[in-house]
Structures are given as C-alpha cells and as structure tokens.
Protein chains: 2
Amino acid sequence: MKDRSAEIGAPGPTLRRLALYHHILVRLRQGGREVVSCTRIGQELRLDPTQVRKDIEATGIVGKARIGYDMEPLIASIEEFLGWDNVTEAFLVGAGALGTALMGYEGFQASRLSIVAAFDKDPEKVGRSVHGKEILPLSKFQDLARRMNVHMGIVTVPAASAQEVAAMMVQGGIRAIWNFSPIRLETPEEVIVEDVRLSSSLALLSGRLTRRLRKEREEGAIDDDGNEAGSKAGL
Amino acid sequence: MKDRSAEIGAPGPTLRRLALYHHILVRLRQGGREVVSCTRIGQELRLDPTQVRKDIEATGIVGKARIGYDMEPLIASIEEFLGWDNVTEAFLVGAGALGTALMGYEGFQASRLSIVAAFDKDPEKVGRSVHGKEILPLSKFQDLARRMNVHMGIVTVPAASAQEVAAMMVQGGIRAIWNFSPIRLETPEEVIVEDVRLSSSLALLSGRLTRRLRKEREEGAIDDDGNEAGSKAGL
DNA sequence: TAGATTGTTAATCGATTAACAATC
DNA sequence: TAGATTGTTAATCGATTAACAATC
C-alpha cells in the first residue's frame with residue numbers, strides 16, 4: 001500500500017553499490033577473467049558476500065552454485081539495471097567551476113552519461129565554449145530539452161538560483177535532476193532528484209578529523225614537558 | 001567493547017545533516033532571525049523534527065522548551081562540532097578537471113576549507129597556476145605536508161593512481177582523505193576516509209530514471225495508434 | 001565425493017520515527 | 001494558563017549480516 005515512489009526497483013544503497021561492482025568487474029574482465037563470485041567482489045570492496053549477492057540478485061541475473069557468475073552477462077545485467085546500456089543525454093545548468101569540471105570529467109564513460117549542452121544565465125559566459133560545447137542562454141533550455149528529448153538535468157548553480165533552475169527544468173520535461181546545490185529542491189513526485197552534497201561529505205570528514213585531533217592533543221597534553229603521556233606503546 | 005573507530009562522536013547521517021542545518025541557519029540569521037525551533041528546520045528540509053532535535057543534541061547545545069534554540073549559539077555549536085570554527089587546510093592531488101574545480105569552488109566558505117596547495121605528477125601541469133595557486137610536483141608533498149602541518153588530503157586522480165597517492169598521503173602524515181576516485185583506498189585505521197562516489201550517485205539517478213521511462217513506455221504502448229492507454233487522467 | 005558458492009529465509013543491528021513527560 | 005517545544009525513552013522500520021539447504 002505504501003509507495004514512496006523513490007523506491008523503484010531497488011533500494012538506494014543497492015544501486016550505489018552496483019556502480020562499484022561494475023567498476024571492479026570491468027577491471028577484472030580486462031584482466032581476462034571470465035567468471036567471478038560474490039566472495040571475490042566482496043574482497044575487493046571489503047563488503048559482505050551476502051550483500052553483494054543480494055545486490056546482484058536485484059538485477060535479475062542467476063549464477064551457478066560453486067562457480068559464480070559469468071562475467072559478460074553479469075556486467076550486461078548491471079548495465080541494463082543502471083541504464084548504462086544506452087547513452088543518457090543530459091543538460092547542465094551552471095557553467096561555473098563545478099559545472100565545467102563535470103563537462104570535462106573522464107569518469108562518466110562507464111555510465112555513458114553525455115552532457116550534450118550547458119546553459120548559464122551569465123551573458124558573459126554564454127557563447128563561450130567549454131570542452132568543445134558552446135554555452136547557451138537559459139532561455140533556450142525548455143525548447144531544446146523537449147525537442148531533443150533530454151530527460152536528465154544537472155544543477156550546478158549557486159544555492160540562491162537552484163530552485164528556480166529546477167522549476168525551469170521540470171517545465172522543460174526533465175524527469176531526473178542531479179543536484180549539486182546544497183538546497184532541497186521542490187519538485188513534483190514524478191521527478192527523481194539525487195543530491196550530491198559536497199558540504200555534507202566534507203562535514204563528515206572534518207567533523208571526525210577535528211574530534212580526533214582534539215582528542216589526541218588532549219591526551220598528549222597531560223604531561224607538558226615533551227613526554228607524550230597519552231600515547232599507546234609506540235609502534 | 002566494539003569500537004568501529006569510524007564512529008567518533010556521532011553517526012554519519014547526523015554529521016551530514018548538520019551541514020544542511022548550518023546552511024539554513026546561516027540563511028535564517030541573515031534574515032534577522034534570532035531563535036529557531038527544530039520544527040522550523042525540519043520544515044525547510046522536510047525532515048522529522050525529532051530527528052533534527054537528536055542531531056542538534058549531538059553537538060551538546062541545550063535549547064529552551066517552547067522557544068527553540070538561540071541562533072548564534074546554535075550555529076556556533078554546529079560549527080565547533082563539524083570543525084568549521086577554524087580553517088582546515090588541505091592538500092589536493094590531481095589537478096585535472098575535478099581537482100581544478102574544487103580549488104575554485106565557492107561552496108566551501110561555510111566549512112572554512114582551504115586548499116592550500118595542489119600537486120600533480122604530470123610535468124606539463126607542474127608550475128602552472130590554478131586559481132592563484134601554483135601546481136607542485138608530487139615529490140614535494142610529504143615534506144610540505146609535515147612542515148605545514150596539513151592533515152587533510154583530497155584525492156582527485158584517476159582510479160589507477162588513487163591507491164598510490166593515498167599511500168603517499170599517509171606517509172606525509174595526512175589523517176583524513178577526501179576521496180573522489182571510485183576505488184576503495186587501503187589505509188591504516190587512524191586515517192579517516194570519506195568517499196565521494198559520483199558514479200554511485202549517478203547510478204542511482206540513471207537506474208531509477210531508466211526504469212521509470214521504460215515502464216511508462218510499456219504502459220503507453222498497450223494501444224499503439226496514438227492513444228496513450230496507460231496514462232492516468234491527464235493533469 | 002568434497003567443498004565453494006548460490007539462493008533464500010531468519011536474526012541482528014542501527015537509524016528513524018513515535019510517544020510523552022517536563023518546561024517555559 | 002495553554003500550548004509549543006525540548007529532552008528522552010520506546011517502537012518501528014529498513015538494511016545488513018548470519019544461517020543453512022540446494023547445487024554443481
């Protein structure tokens with residue numbers, strides 16, 4: 001009865017891990033490997049083999065007991081499940097540092113993401129070309145998105161304009177938004193939003209680092225004449 | 001007895017959300033607001049107020065029943081908890097598209113992250129300057145990191161060299177690594193690693209988008225002479 | 001055959017959400 | 001005072017991990 005509507009097909013953590021498996025499998029295939037077990041994949045990523053199995057099961061493929069999975073069908077199955085079997089075309093809005101980087105990023109080959117156009121509201125930027133693609137004015141977004149049947153939008157504008165850009169994307173028929181801004185986008189439920197929150201990621205890292213360093217400083221400061229009192233037996 | 005060692009102070013989700021709260025609070029403060037309740041923060045982010053309260057509680061601050069929290073101490077408390085009360089200096093390795101973008105990224109002001117130097121192994125890049133900072137050769141990393149007491153490293157090199165770079169960082173005394181490569185870094189347990197997996201994030205988005213579009217196409221294809229049979233009452 | 005691995009069900013774990021007394 | 005909100009404990013939920021039969 002409950003339909004969160006975000007949960008299509010598989011839970012988020014599974015989708016995310018499948019991308020990691022894919023990366024490893026492609027590497028193993030290059031090394032000439034033709035079969036692979038969940039145990040093996042789990043070793044590479046330090047994940048529980050049962051978890052790997054469940055994730056792979058979600059893609060619908062069946063393996064062979066005692067052997068594992070045939071490499072080619074497994075990779076194909078993951079690619080189909082992630083939509084990486086065909087090119088996904090996307091429009092990017094916000095040709096700043098981050099947007100420009102994404103346009104030139106080499107890491108999207110596996111996913112076959114193709115950023116086919118970039119838009120910016122800054123007249124200074126419009127007309128310039130980034131990684132071989134001309135930056136277009138925002139006014140052309142909606143018409144082009146519909147005509148070219150582009151369903152994915154990438155938001156790399158500052159927080160202040162992100163909501164406005166998202167609304168425009170929805171108007172242009174965009175169905176999935178990759179959001180690099182730090183705000184929560186309000187969108188109709190038929191639109192899928194995935195947030196990349198760099199500041200949250202950094203918060204985790206800096207929060208833990210700070211606490212660790214503070215703690216060590218405190219421990220080291222018990223004795224203040226150079227002896228590091230709090231440290232465990234030196235390794 | 002169990003010490004996962006990653007769980008210092010607060011669970012990951014809490015740290016991540018605190019960054020979101022911080023962003024909203026700063027905005028509300030700019031608007032002149034002097035107190036704020038968890039209910040209010042929750043509304044902005046569509047989060048359960050109880051969850052917001054628990055997260056805030058983790059920072060150690062106490063509020064006032066019926067009122068909420070005083071804005072200034074609350075922001076200060078979050079900043080202290082995340083280590084955002086002081087500048088964190090970081091070294092970045094890999095001056096490609098992504099690395100360059102991070103160096104010029106405007107979104108790090110709140111966290112007071114300062115990327116003080118960038119390194120690259122490509123002699124072509126070494127010596128050039130990016131956003132006002134000269135790119136240095138990898139060979140200088142360890143010595144500089146120790147001399148300047150830099151504890152955070154940012155990895156924006158391709159997968160193939162990421163492990164090698166991480167090892168070098170550890171050797172240079174780096175204690176926290178922000179990893180943008182798609183591989184799992186092997187590091188001693190005193191090093192904190194936070195992965196930003198763009199391909200996993202994209203997998204989630206493209207996987208769901210693909211399944212949704214495929215499903216709609218199937219539904220729409222029941223009747224193939226132009227009537228969109230599967231669609232719900234048009235809005 | 002022996003044993004590693006799949007497929008699947010059950011138990012555990014941790015995070016989220018609900019409930020409610022205390023309070024200003 | 002009334003009622004919104006904090007602080008805190010209990011219940012729920014979903015994801016991870018463990019257990020184990022089937023199998024090649």
Side-chain angles (χ1 to χ4, degrees), chain A residues 1-18 20-21 25 28 33-71 73-74 77-78 184 200 203-204 207, chain B residues 1-18 20-21 25 28 33-71 73-74 77-78 184 200 203-204 207:
Chain A
M1 201 56 49
K2 163 176 51 174
D3 176 25
R4 284 280 183 81
S5 117
E7 295 292 332
I8 310 167
T14 292
L15 269 317
R16 289 181 202 279
R17 281 189 300 264
L18 283 170
L20 306 183
Y21 305 160
L25 292 173
L28 290 174
R33 215 181 164 81
E34 291 181 355
V35 291
V36 67
S37 71
C38 296
T39 317
R40 182 62 206 278
I41 297 173
Q43 276 170 353
E44 297 271 346
L45 292 161
R46 298 255 180 122
L47 293 176
D48 189 301
T50 305
Q51 184 168 69
V52 177
R53 199 166 307 120
K54 275 209 164 176
D55 291 339
I56 287 176
E57 213 183 332
T59 71
I61 199 174
V62 290
K64 293 176 203 151
R66 214 183 98 93
I67 310 283
Y69 300 84
D70 287 328
M71 188 62 86
L74 177 55
S77 179
I78 292 175
R184 206 202 113 87
S200 285
L204 188 112
Chain B
M1 201 54 51
K2 163 175 52 173
D3 175 25
R4 282 281 182 81
S5 116
E7 296 291 331
I8 311 167
T14 291
L15 271 316
R16 290 182 201 278
R17 280 189 300 264
L18 283 170
L20 306 183
Y21 305 159
L25 293 172
L28 290 174
R33 217 182 161 79
E34 291 180 356
V35 292
V36 67
S37 70
C38 296
T39 318
R40 181 64 206 277
I41 298 174
Q43 276 170 354
E44 296 271 346
L45 292 163
R46 300 253 179 122
L47 292 177
D48 189 301
T50 306
Q51 183 168 70
V52 177
R53 199 165 309 120
K54 274 208 166 178
D55 290 340
I56 286 175
E57 212 183 332
T59 71
I61 199 174
V62 290
K64 292 177 203 151
R66 215 183 96 93
I67 309 283
Y69 300 84
D70 288 327
M71 188 63 86
L74 177 56
S77 180
I78 292 175
R184 206 202 113 86
S200 285
L204 189 112

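Numbered from 1 within each chain, the chains take letters A, B, ... in sequence-line order.
- Counting to the nearest Å, the P atom of D:dT16 and the CD atom of A:Glu57 are 14 Å from each other.
- One atom, CG of B:Asp48, and another, P of D:dA10, lie 18 Å apart when rounded to the nearest Å.
- A:Glu44 has a carboxylate O that lies under 4.0 Å from a charged side-chain N of A:Arg40, or vice versa, which qualifies the two as a salt bridge.
- Applying the side-chain hydrogen bond (donor to acceptor under 3.5 Å, both in side chains) criterion to A:Ser37, with sequence neighbours excluded, gives no partner residue.
- Counting only heavy atoms from C-beta outward, the side chains of B:Leu28 and B:Met71 approach each other to under 4.5 Å.
- Rounded to whole angstrom, the span from the NZ atom of A:Lys54 across to the P atom of C:dA10 amounts to 11 Å.
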**Asked** side-chain contact (heavy atoms from CB on, under 4.5 Å) between B:Ile41 and B:Leu47: does it pass, once the steps are laid out?
**Response** CA-CA 8 Å; B:Ile41 298 174; B:Leu47 292 177; over 6 Å; no

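- Heavy atoms only, all atoms of each residue included: B:Leu18 and B:Ile78 are closest at O-CG2, 3.8 Å.
- At whole-Å resolution of the value, CG in A:Leu15 and P in D:dG14 are 17 Å apart.
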Return the polar atom pairs (N/O with N/O) between nucleotides 4-6 of chain D and the protein under 3.5 Å, or none.
{"residue": "D:dT5", "atom": "O4'", "partner": "B:Arg66", "partner atom": "N", "Å": "3.4"}
{"residue": "D:dT6", "atom": "OP1", "partner": "B:Cys38", "partner atom": "N", "Å": "3.1"}
{"residue": "D:dT6", "atom": "OP2", "partner": "B:Arg53", "partner atom": "NE", "Å": "3.2"}
{"residue": "D:dT6", "atom": "OP2", "partner": "B:Arg53", "partner atom": "NH2", "Å": "3.0"}

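- Residues A:Arg53 and A:Tyr69 approach most closely at CG-OH, 3.7 Å, considering heavy atoms.
- Between A:Leu45 and A:Val52, the closest side-chain pair of non-hydrogen atoms is not below 4.5 Å.
- Nearest to the side-chain atoms of A:Thr50 among the listed nucleotides D:dA19, D:dT16, D:dG7 stands D:dA19.
- Computed from coordinates, the A:Ile56 CD1 to C:dT8 P distance equals 14 Å when rounded to whole Å.
- In this structure, B:Lys64 and B:Asp70 have side chains that are in contact, with non-hydrogen atoms separated by less than 4.5 Å.
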**Prompt:** When Watson-Crick pairs (N1 to N3 and N6-O4 or O6-N4) and G-U wobble pairs (N1-O2 and O6-N3) count only below 3.5 Å on both distances, what is the dot-bracket string of DNA chain C, with | for other-strand pairs?
**Reply:** ..||||||||||||||||||||||

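- With distances taken from any side-chain atom of B:Arg17 to the nucleotides D:dT8, C:dT16, D:dT17, the minimum falls on C:dT16.
- Rounded to whole Å, atom C1' of C:dA15 lies 13 Å from atom CG of B:Leu47.
- Atom-to-atom, CD of A:Gln51 to P of C:dA11 comes out at 20 Å; the value is rounded to the nearest Å.
- The two residues A:Ser77 and A:Thr59 have their closest heavy-atom pair at OG-OG1, 2.9 Å.
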